[in-house]
Structures are given as structure tokens and as C-alpha cells.
**Student:** 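What follows is a structure written as C-alpha cells; I'll ask about it next.
Given the structure is predicted, the values throughout are model-derived calculations rather than measurements. Throughout, protein chains are lettered first and strands after them, A, B, ... in sequence-line order, and every chain is numbered starting at 1.
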Protein chains: 2
Amino acid sequence: MDKKSQQPKNPADKKIRRRRKEARPGEIIEAGLQEFAERGFASARIEDVAARAGIAKGTVYRYFENKEALFEAAVRSRVIPIFDQLTIMIDTYPGTAEELLRILFKTIYQKLITPDVRILMRLIIAEGARFPQITEFYYQEAISKGQKILRKIVERGIENGEFRQGPVSAEPMVLVAPGIMAAIWKMTFDAHYPLDLNRFLEAHIDLVFNGLKQS
Amino acid sequence: MDKKSQQPKNPADKKIRRRRKEARPGEIIEAGLQEFAERGFASARIEDVAARAGIAKGTVYRYFENKEALFEAAVRSRVIPIFDQLTIMIDTYPGTAEELLRILFKTIYQKLITPDVRILMRLIIAEGARFPQITEFYYQEAISKGQKILRKIVERGIENGEFRQGPVSAEPMVLVAPGIMAAIWKMTFDAHYPLDLNRFLEAHIDLVFNGLKQS
DNA sequence: TGTATTAATGACCCAGAAGTCATTAATAGT
DNA sequence: ACTATTAATGACTTCTGGGTCATTAATACA
């Protein structure tokens, strides 16, 4: 496909091999992630990964035991530090719980619904059943942290009288569900029936803070 | 695996072949759906499908051109008539829009989050990119109908003063998002971190009708 | 500049699975 | 009962793609 036309040094730049021990793993992981996302684990071909990384097939195996090892490394490499940043912010944020929740929602729509993260979600949903360690890892590194953040914000809101105690505060994941749904939509039907993320975020916030009912 | 021990007629019931032209397609589809759900399209083996259906591999090909054709047939066979039933009910239902929405939510949690439907969702998410016709079909037959129902209920609620007009009513999918999220959770993290569907449904309803805020 | 080290290569091997088809045998019709 | 029809079979062919390893050549170091 794209023929490594990055630095066309000489006209016949066919096979000037380069030794780049340090840079390879990252490049292979990046290429692998793309291929796995496009084709799924089973259909992704190591030869294509290699081509994408600009190396020969055998080179992949100098850095990763086998296809599974590459898959695991690829998924792990992408679990994002978003939540860690947020955790710190929450404890120091001076404003109201409502403001914090709004920030969290916006962050979800900006950071979590990017193509990069959607790739991960798709892989977890599609291949998770066959890679339980990865599912577990992803839960520990991302989901559980997100849950903690949510709980903290909701508790804070209850303590200072902003939020109600009740079924919602007992199951705070309902609050972010629209964000998850938006991500799913983007990776399935969006090509045919595009979703306006801004409008959806607005609806999401409106639902959470104002409810559906006439007041 | 399970060695067809259904009707152990005689001790050596090895290969008494039966001719059942009419029953085969359905049985093969059912078997295919199971295999595709467990392994994904690429990893599912036709021989396993055949074994599961209690026939030889070649027989599968007497009824389906190839693996893809079987996959399409399998997914199509399962698009559920839930929404059609609901559509009729809505126009004749005498109660309030709130009652209708509650019924819709309960139906989602009872019908849509069953293993059978989750299988479909997983396949659409996992394989949809490579089978655009299937995604399109699924959208037309299920999603768009669900959207219509939602819109109808919300409009009715607005007309009779139950619901507010605003961002939520403009993007009513936010209202069912927790249901979708629950389905996703069930197919990914539920084994490790089980979700209590009843409690979640309660939270969902509480969010939609009461919002999060202290009133 | 010569040599040792080792990163990189890609032809090759081979397991596994899709799809074929000549053969077998269940059933319908007479 | 006999026979024609065709559903069902599974050994076989073919191809794809994971993984190997002897060979090549880039780089470090003397």
C-alpha cells in the first residue's frame, strides 16, 4: 500500500536495511494495532503488519514471540493515562460537583471517542472473550479507574447537597452510558447514519442535570 | 465435544444418515451462529458448524455457497421482531408517555440483553466493518425501528405536557443508552465484575425521570 | 580498515481450514 | 421389490498464513 515514501533518499531505495533495535517495538506495535483494528485478531496478517512497519516478516518475530504476544502488547500499550490525570484533578478542583461532572463528560467525548480509543473498545468487545487477561487488564487499568472517579464526584455532590442519593448514585455508571453508546455508534452505524457528537453531548448533559420531565 | 447423544437408538448408532432437506438450513444457521459468536467469523470452522449441526462438512455447502453466505444468513435470521410488536402497542396504548417509556426500558432489559441478542451485537461490532450490507440490514431492521418508537413516545410526552422539549427530545437515543451499555458490559466485563441488571434498570429509570439533581 | 557482533531478511516449511466432488445410500414413485 | 433421484458424505485438493532459520549486511569497536 503506502510505499514508505517518507524520505525518498535515492531513486532506487529498495533495500537499504537499517538497524534500529530501539525504535522497532513501538513501530511494530503501532502497525499491529492498525491491522488488528481493521481485520480483527484472526484475520490480521503478520506480513501486513511488517509491511506497514516497513520491515520484513521475520523481524516481527525478533521482537515478539508470536501473534498473540504482539496483540497483547498492542492493546496494553494504548491504555490511556486520561483517568490518572483526572483522578488528581478531582481532589484539587475547587468548583462544584456539577462542574466536575460536566468536565468529565466533555473529556469522554473529546478523548474517549477518538478513533484510537474506539479501536481498543472494538478489540475488547470482539476478542475479549478469547483473551481474558487482556479484558482483566483493561478493566483494572481503565474501567475501574473511571468508576472510581465517577463515584468520587457523585459522593461529593451528595455531601454538599447538589445531588440526590438514590438508585442513580448507587449505580453511577448510568451517568456515562450515553458516552459509551456514542462510541459504539461511531464504530458501527456512523458511516451510514452519522451522529452529531456535540448535539449528543448536549443531550447527555441535559438528561443528567435536568431529566426528561417537565418541571 | 458433545457426541450427539440425543437418541441413543442402538449401541452402534454411528452413521445412519437421514435426509432432511427442510430442517437442515435452520439447523446449520443455528449452529453457525453459535460458532461465529464464540470464535468470530474468521476463526469459526465450518467443520465445527457441521459437527454442531450433526452433519458432515460437505452438507453445509449443499445449503450455503460459502462461509460468508452462512454468516449473512445467520445474522439476518436473528433480527428480532420485538420492535414490530412494540410499534403496534404504542399506537393503541391508552396510558401516559412515561408508562410507555418504562415499558420500553423494561423490554430492553428483558429482551435485548439476552444472550441471543448480545451475540448479534457482538458480531455487528466485531465484524460489521467487513460486512457493510449486514450492518445496513441490521440498522434498517432493528435500530431504525427502535429509534422511531422512541421518537413517537417522546413526541407524545411533549404533546401532552409530560416531557420537556429540549436537547434530550432532539436526541432521544440518550434515553436508551444505559440499556446498550448494560448489554456491552454483559459481553465484556460481566464474568469478572457482574452487573446487577435489576439495580441498573432502576438507576436508568431513576435518571431518566428524576435526573441526578436534588430537587 | 578489518573483524566480530547481531539486527534484519525472506525463502521455506507445514498445519490447518475452506471448498470440491466422486461415491454412497436414503427415500419416493411405480 | 426395483429403480431413479438426490441428500449426504468425507477423503482430497488447494491455498493461506504463522512461524523458522540459514544467510546477509549494518554497525561497533579495535
Side-chain angles (χ1 to χ4, degrees), chain A residues 1 3-4 7 9-10 12-32 34-36 38-74 127 130-131, chain B residues 1 3-4 7 9-10 12-32 34-36 38-74 127 130-131:
Chain A
M1 318 320 165
K3 279 251 111 159
K4 287 284 101 184
Q7 312 108 346
K9 298 198 168 184
N10 59 38
D13 61 347
K14 288 287 162 186
K15 43 196 75 151
I16 344 91
R17 36 166 118 155
R18 239 1 90 81
R19 306 177 74 173
R20 295 167 58 248
K21 194 175 162 49
E22 318 71 29
R24 295 299 187 210
E27 292 172 5
I28 296 169
I29 280 176
E30 180 58 34
Q34 300 299 325
E35 290 295 324
F36 288 134
E38 264 173 39
R39 330 268 301 234
F41 176 77
S43 300
R45 297 166 57 238
I46 294 291
E47 204 155 349
D48 291 342
V49 173
R52 209 185 260 265
I55 55 177
K57 190 166 77 163
T59 307
V60 173
Y61 289 94
R62 308 219 113 264
Y63 294 96
F64 299 94
E65 267 298 296
N66 51 35
K67 202 179 173 185
E68 268 193 47
L70 173 58
F71 181 74
E72 291 211 16
E127 319 284 358
R130 263 162 301 154
F131 296 92
Chain B
M1 321 318 163
K3 278 254 110 154
K4 286 284 101 182
Q7 311 107 348
K9 297 198 167 181
N10 58 39
D13 60 347
K14 287 287 160 187
K15 44 196 73 155
I16 343 92
R17 40 165 112 156
R18 238 3 90 78
R19 306 175 74 173
R20 295 168 56 248
K21 193 176 164 50
E22 317 71 28
R24 295 297 187 212
E27 292 172 4
I28 295 169
I29 279 175
E30 180 57 34
Q34 299 299 326
E35 290 294 326
F36 287 132
E38 264 174 38
R39 330 268 299 236
F41 175 78
S43 301
R45 296 168 58 240
I46 294 291
E47 203 154 350
D48 290 343
V49 173
R52 208 185 260 264
I55 56 179
K57 188 166 75 165
T59 308
V60 173
Y61 288 94
R62 310 219 114 264
Y63 294 95
F64 298 94
E65 268 296 296
N66 50 37
K67 202 180 174 185
E68 268 194 47
L70 173 59
F71 181 73
E72 292 211 16
E127 319 284 357
R130 261 162 303 154
F131 296 92

**Student:** Are the side chains of B:R62 and B:R24 in contact, using a 4.5 Å heavy-atom criterion?
**Tutor:**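 SC-SC contact between B:R24 and B:R62 ruled out.
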**Student:** Just to be sure I understand the rule, does B:Y63 reach a base, reach only the sugar-phosphate, or reach nothing, if contact means heavy atoms closer than 4.0 Å?
**Tutor:**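 If one applies the 4.0 Å heavy-atom cut-off, B:Y63 turns out to touch the sugar-phosphate alone, with no base involved.
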**Student:** So do A:D48 and A:R39 actually touch side chain to side chain, heavy atoms under 4.5 Å?
**Tutor:**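 Answer yes - side chains close enough.
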**Student:** To the nearest 0.5 angstrom, please state how far the CZ atom of A:R20 sits from the OG1 atom of A:T59.
**Tutor:**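 Going from the CZ atom of A:R20 to the OG1 atom of A:T59 covers 11.5 Å.
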**Student:** Taking any atom under 4.0 angstrom from a heavy atom of chain B, which nucleotides of DNA chain C are the first and last to qualify, 5' to 3'?
**Tutor:**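 In short, chain B contacts DNA chain C from C:dA17 to C:dT27.
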**Student:** Once you round it to whole Å, what is the distance between P of D:dT27 and CZ of A:R17?
**Tutor:**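 So the CZ-P distance, A:R17 to D:dT27, works out to 11 Å.
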**Student:** Kindly compute the distance separating CD1 (A:I29) from OH (A:Y63), expressed to the nearest 0.5 Å.
**Tutor:**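 Reported value, rounded in 0.5 Å steps: 12.0 Å.
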**Student:** Identify the pairs formed between an N or O of the protein and an N or O of nucleotides 16-19 of chain D at a distance under 3.5 Å, and give each distance.
**Tutor:**
| unit_1 | atom_1 | unit_2 | atom_2 | d |
| --- | --- | --- | --- | --- |
| D:dG17 | OP2 | A:R45 | NE | 3.0 |
| D:dG18 | OP1 | A:A44 | O | 2.9 |
| D:dG18 | OP1 | A:K67 | NZ | 3.2 |
| D:dG18 | OP2 | A:I46 | N | 3.0 |
| D:dG18 | N7 | A:K57 | NZ | 3.2 |
| D:dG19 | OP2 | A:Y61 | OH | 3.3 |
| D:dG19 | OP2 | A:K67 | N | 3.0 |
| D:dG19 | N7 | A:K57 | NZ | 3.2 |
| D:dG19 | O6 | A:K57 | NZ | 2.5 |

**Student:** Out of curiosity, B:I46 CD1 to B:Y61 OH, how far, rounded to the nearest 0.5 Å?
**Tutor:**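 If I round to the nearest 0.5 Å, the distance is 4.5 Å.
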**Student:** Give me the one residue out of A:E35, A:R52, A:K57 that meets side chain to side chain contact (heavy atoms under 4.5 Å, CB included) with A:E47.
**Tutor:**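 Looking at A:E35, A:R52, A:K57, the match for A:E47 under the side chain to side chain contact (heavy atoms under 4.5 Å, CB included) is A:K57.
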**Student:** Has B:E38 got more than 12 heavy atoms of other residues, nucleotides or ligands less than 6.0 Å from its CD?
**Tutor:**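 Yes.
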**Student:** Do B:E127 and B:F36 come within less than 4.5 Å of each other through their side chains, counting heavy atoms only?
**Tutor:**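 With C-beta onward as the side chain, the pair stays apart.
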